[in-house]
Asker: 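One structure coming up, written as structure tokens, with questions to follow.
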Amino acid sequence: MSETPRKILVTSALPYVNGSPHMGHLVEYIQTDIWVRFQKLLGNDCIYVCASDAHGTPIMLKAREQGITPEELTAGYSKEFKNDFADFNIEFDNFHTTHSPENEALVAGMFERLRETGDIYTRTIEQSYDEKEGMFLPDRFVKGTCPRCKSEDQYGDACEVCGATYSPEDLIDPVSVLSGTTPVKRESEHYFFRLSEYEDRLRDWMSHAALDKNVVAKLDEWFQAGLQDWDISRDAPYFGFRIPGTENKYFYVWLDAPVGYMASFKHLCDRTDGLEFDDYWDPDSDAEVFHFIGKDIMYFHTLFWPAVLKGSGYRQPTSVYAHGFLTVNGQKMSKSRGTFIKARTYLDNLHPAALRYYYAAKLGPTIEDIDLNLEDFVARVNSDLIGKLVNIASRCAGFINKKFDGRLTDSLPDESLFAEFAAASGTIAGHYEKREYSKAMRLVMALADKANRYIDEYKPWVMAKDEASLPDVQRVCTQGLNMFRSLMIYLSPVIPTVAEDARAFLNEDAWRWDDASEPLLGSTLQKFKPLLTRIEADQVQRMVEQSRETAPVAKEETQDDTISIDDFMKVDMRIAKIEKAEPVEGADKLLALTLDVGDSQRQVFAGIKAAYAPDALVGRHVIVVANLAPRKMRFGVSEGMVLAAGPGGEDIFLLSPDDGAKPGMRVK
RNA sequence: GGUGAUGUAGCUCAGAUGGUCAGAGCGGCGGACUCAUAACCCGCAGGUCGGUGGUUCAAUUCCACCCAUCACCA
């Protein structure tokens with residue numbers, strides 16, 4: 001590594017500080033921290049910044065609910081995040097907040113530039129409005145009864161019980177969460193960003209951003225659908241930055257959040273000699289900028305963000321690295337199952353290195369979800385970290401310290417074996433660089449197996465019984481400890497504190513990546529202390545118990561496959577007459593049907609294009625599920641489902657009533 | 001519904017331009033050892049590679065459809 005160090009700026013997504021950090025958050029910060037530590041170990045100039053995402057309606061309202069200011073609320077959670085991150089050995093160079101003067105200045109500046117270039121315009125839109133509170137309501141702040149499953153107290157965008165998605169006006173008896181009154185529709189002028197004009201520039205960015213193929217696939221999908229302009233303003237009251245030149249308009253939180261990356265970096269520059277903001281953010285900067293994010297916020301980071309940066313005269317990200325979500329025991333995290341585990345609850349029971357290693361052992365560069373299987377977690381960490389890795393040092397240290405005053409020999413008995421460990425350096429570094437952590441971990445553990453086999457082959461405990469072969473004991477253990485040392489250096493980005501302790505035991509000052517390829521000889525060791533202890537199953541058990549919020553309510557689930565007549569009657573099936581049928585542009589299988597259901601007309605999308613010609617359908621009577629929750633699709637809203645049988649494709653057969661049935665009649 | 005991803009041994013995951021590509025680790029079983037945090041070492045374990053069709057001399061690997069899970073639909 002003799003070339004000039006790379007200048008790299010790395011970010012993790014800014015945590016939204018309206019709650020405590022949990023195991024899901026940690027996937028991203030651990031993934032990023034490993035990468036940053038690896039770069040630093042190589043000798044690169046790598047800077048890792050983050051910040052609290054502190055704006056938006058949820059924070060404003062939660063603060064109001066608790067009777068404190070948003071600043072107080074976010075300061076509290078920010079502190080939690082900072083402390084928990086620190087205790088998980090996640091080492092930021094700076095952790096700031098989006099509610100900062102640096103961010104406000106940057107956002108205002110970017111907005112000005114975008115306005116000058118004509119990328120900002122205004123348009124009047126209609127939204128739910130709470131007259132009593134005097135504010136517009138995001139979907140999440142309208143609640144009501146789910147139109148599909150009739151569960152009460154559901155949000156305006158989706159039902160948590162049955163999973164239906166809809167818009168606030170579809171709710172039965174919609175009420176404002178804030179005042180309990182019925183929301184009305186009201187118009188307001190909003191600011192828009194002309195994302196639609198950016199396709200070419202974004203494609204250009206994509207072509208050299210080295211994005212993961214899954215990310216590219218997603219981008220292509222969005223391009224195909226056509227980019228829509230982006231509403232970047234919100235009406236007062238709102239917790240955020242006021243749009244310059246307006247009285248009561250604020251920047252939408254998602255506009256200022258990514259700017260928070262720059263603001264945090266700016267904040268660091270202002271306090272650091274020789275670190276220049278422009279060196280990293282000028283359009284012709286030779287520094288690299290990487291954003292680590294979750295797959296759910298790709299839209300913001302691969303479309304809006306590069307477009308806004310381009311439009312306002314800054315450089316764009318070198319790449320955006322998206323990861324998947326965390327499941328626990330194969331399922332979404334759940335408070336009732338005790339698998340919604342807060343970072344702090346974990347730390348109260350277990351060592352951070354265990355989780356860092358487990359995540360590393362499962363992480364790759366793709367957007368696939370990773371599973372924290374708690375049984376596997378215990379087995380894997382104990383077996384790999386303690387049984388294999390730490391054991392190497394543990395079984396050699398005793399001989400060296402007791403028989404040889406802690407002295408290592410001046411040469412290795414098996415240099416070619418050590419050379420294998422040294423040679424792995426490049427491969428492992430390549431894996432880290434490409435975020436193929438699981439491959440790196442596998443390779444390291446395969447080498448650990450090899451080290452244990454070596455010790456087993458020479459059996460120092462047997463040789464130690466014979467004075468004559470005592471020197472061989474020292475040599476074999478020196479070999480063993482050197483293999484251990486190289487592996488610890490390779491793992492130090494993953495388990496930094498354990499590596500620190502190992503380094504102290506080996507009596508060395510500091511490690512660089514390349515040290516792993518050179519043996520440590522002739523020096524004296526410190527006393528050996530256990531570097532890590534085994535995880536006991538009851539530690540995990542306790543953590544789960546502490547995470548279980550309420551006694552699980554035993555849901556009465558029907559054991560067999562039958563349903564009651566009541567269940568059946570929930571399905572409101574009606575006779576409908578097809579008034580109109582036409583193909584849907586952009587959909588291979590869909591036909592858009594306009595149905596007469598007696599008292600009204602409705603539009604339904606049906607996947608029957610391959611089986612029926614549109615003209616042949618007009619005038620036909622069919623059966624439609626009338627109380628299915630309306631479903632918002634790319635092509636419009638579908639307000640029901642037409643019944644048909646068959647495996648699909650051309651083999652689909654619509655159900656029809658006998659002559660005499662009239663539109664609107666109920667099927668029962 | 002559309003789009004994308006995923007579905008391989010009990011568990012967690014590798015893998016191939018289609019033909020020694022059916023694998024690793026853990027668990028399990030048997031054996032050996034006692035230096036080591038009951039760690040380590042040796043051996044064994046037979047999963048129709050989600051399902052159904054198709055292409056092919058040959059498919060788990062290609063295609064179509066279906067099912068399940070996850071995500072996005074701004």
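Within every chain, numbering begins at 1; the chains are lettered A, B, ... in the order of the sequence lines, protein sequences first and strands thereafter. From a predicted model like this one, the values you see are computed outputs, not experimental measurements. Note: hydrogens, waters and symmetry copies are ignored here, and every other heavy atom, side chains too, is used.
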Asker: Does A/K388 come within less than 4.0 Å of A/D449, counting only side-chain N to carboxylate O?
Answerer: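 Looking at A/D449 together with A/K388, the answer is yes, because their closest N to O distance falls below 4.0 Å.
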
Asker: I want to verify a distance call: between B/G15, B/C41, B/U34, whose nearest atom is closest to the A/D449 side chain?
Answerer: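 The nucleotide sitting nearest to the side chain is B/C41.
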
Asker: Using heavy atoms and a sub-4.0 Å distance, could you list which residues of residues 464-474 of chain A are near RNA chain B? By number, please.
Answerer: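 Listed by number, there are none.
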
Asker: Pick base, sugar-phosphate or nothing for A/F300, based on heavy-atom distances below 4.0 Å to the nucleic acid.
Answerer: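 Result for A/F300 = nothing.
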
Asker: Compare side-chain N and O positions of A/K459 against OP1 and OP2 of B/C35 and report whether any pair is under 4.0 Å apart.
Answerer: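 No.
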
Asker: Please determine, for the side chain of A/R453, which listed nucleotide (B/C26, B/C41, B/C35) has the closest atom?
Answerer: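 So the nucleotide nearest the side chain must be B/C41.
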
Asker: To the nearest Å, give me how far apart CD1 (A/I386) and C1' (B/A39) are.
Answerer: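 Atom CD1 in A/I386 sits about 10 Å away from atom C1' in B/A39.
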
Asker: Of the nucleotides B/C40, B/A71, B/C11, which has the atom closest to the A/K295 side chain?
Answerer: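 The closest nucleotide is B/A71.
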
Asker: Let's test this: given Watson-Crick or G-U wobble pairing with both distances under 3.5 Å, identify the partner of B/G46.
Answerer: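 Its partner: none found.
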
Asker: Measuring centre to centre across the rings, with the benzene-like ring taken for any Trp, is A/H431 within less than 6.0 Å of A/Y437?
Answerer: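 No: the rings miss the under 6.0 Å criterion.
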
Asker: Of the options B/U34, B/A39, B/C72, whose atoms approach the side-chain atoms of A/N391 most closely?
Answerer: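 Taking heavy atoms from C-beta onward, the closest nucleotide is B/A39.
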
Asker: Under 4.5 Å between any side-chain heavy atoms of A/H190 and A/D235, yes or no?
Answerer: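 A/H190 reaches A/D235 side chain to side chain.
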
Asker: Going from CD on A/Q539 to NE2 on A/H351, what distance comes out if it is rounded to the nearest 0.5 angstrom?
Answerer: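 Here the rounded value is 11.0 Å.
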
Asker: Please say whether the positively charged group of A/R435, taken as NZ for Lys or CZ for Arg, lies over the ring of A/Y321, i.e. under 6.0 angstrom from the six-membered ring centre and within 45 degrees of the axis.
Answerer: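 Yes; both conditions hold, so A/R435 lies above the ring face of A/Y321.
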
Asker: Starting at the 5' end of RNA chain B, which residue's closest nucleotide do you reach first, A/K388 or A/L227?
Answerer: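 This one resolves to A/K388.
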
Asker: Under 6.0 Å between ring centres, would you say that holds for A/F193 and A/Y198?
Answerer: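 Ring centres of A/Y198 and A/F193 closer than 6.0 Å.
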
Asker: Heavy atoms under 4.0 Å, any strand shown: does A/D371 hit a base, just sugar-phosphate, or nothing?
Answerer: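 The residue A/D371 makes sugar-phosphate contact but no base contact.
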
